[in-house]
Amino acid sequence: MVTVAIIAHDFADGLDTHTLTRLYGNERRKAIALLACDAAAPVVGAALTLAITIPTGVLGLYLGFFAGFLLYLATSDGRAAANPQAGREP
């Protein structure tokens with residue numbers, strides 16, 4: 001099931017990559033090159049997990065920092081929208 005989800009996500013990601021490069025007037029060769037890089041990224045990432053081992057203590061810090069950063073990104077825009085008067089001079 002996870003494999004199907006990854007393939008579907010990669011397909012949509014590749015479609016977005018190709019569409020955006022063509023939308024902004026880039027030539028087809030550049031779009032195909034970016035699509036090839038997009039297709040190779042999961043394979044390279046999986047290969048790197050075999051080559052690099054992250055110690056458990058560092059992994060916990062890394063995951064905690066990354067999770068906090070993603071939570072900040074997810075909530076910072078909503079916080080401003082919830083209180084539109086914040087930051088304005090009276």
Side-chain angles (χ1 to χ4, degrees):
M1 189 60 143
V2 173
T3 304
V4 173
I6 290 172
I7 291 171
H9 176 79
D10 285 344
F11 179 77
D13 196 24
L15 188 62
D16 289 343
T17 300
H18 189 269
T19 302
L20 286 175
T21 54
R22 297 294 289 161
L23 181 68
Y24 286 103
N26 294 309
E27 55 189 55
R28 187 171 191 262
R29 186 179 339 164
K30 188 172 185 178
I32 297 295
L34 286 174
L35 189 59
C37 290
D38 186 39
V43 177
V44 172
L48 280 176
T49 63
L50 299 174
I52 298 172
T53 303
I54 300 173
T56 306
V58 176
L59 182 63
L61 289 172
Y62 169 74
L63 290 175
F65 175 78
F66 193 67
F69 182 70
L70 289 178
L71 284 172
Y72 169 75
L73 286 177
T75 59
S76 62
D77 190 42
R79 207 172 60 214
N83 189 4
Q85 299 298 323
R88 292 187 182 173
E89 295 294 324

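A side chain to side chain contact (heavy atoms under 4.5 Å, CB included) with Asn26 is found for exactly one of Leu20, Thr21, Leu34, namely Thr21.
A 4.5 Å side-chain heavy-atom check between Ile6 and Pro42 finds every atom pair outside the cut-off.
Of the possible polar contacts, none joining the Arg28 side chain to the Ile32 backbone as a donor-acceptor pair under 3.5 Å is found.
With rounding to the nearest 0.5 angstrom, the CZ atom of Phe66 is 8.0 Å from the CZ atom of Phe69. Note: Leu73 CG to Leu71 CG = 9.0 Å, rounded to the nearest 0.5 Å. Note that the CG atom of Asp16 and the CG atom of Leu23 stand 11.5 Å from one another [nearest 0.5 Å]. Taking CG of Leu70 as the reference point, atom OG1 of Thr75 lies at 10.5 Å (rounded to 0.5 Å).
With hydrophobic clusters built from ILVMFWY side chains whose heavy atoms lie under 4.5 angstrom apart, Phe65 does not share a cluster with Leu59. Ile52 is connected to Leu63 through a chain of hydrophobic side-chain contacts under 4.5 Å among Ile, Leu, Val, Met, Phe, Trp and Tyr, so both are in one cluster. Following chains of ILVMFWY side-chain contacts shorter than 4.5 Å, one cannot reach Phe11 starting from Leu35, and the two form parts of different hydrophobic clusters. Neither Val43 nor Val4 shares a network with the other; the hydrophobic side chains, linked directly or stepwise wherever heavy atoms of I, L, V, M, F, W or Y lie under 4.5 Å apart, form separate groups for each.
Between Leu15 and Thr19, the shortest heavy-atom distance links the atoms O-OG1, 2.7 Å. Nearest heavy-atom pair, Asp38 versus Asp10, reported as atom, atom and distance to 0.1 Å: OD2-O, 4.3 Å.
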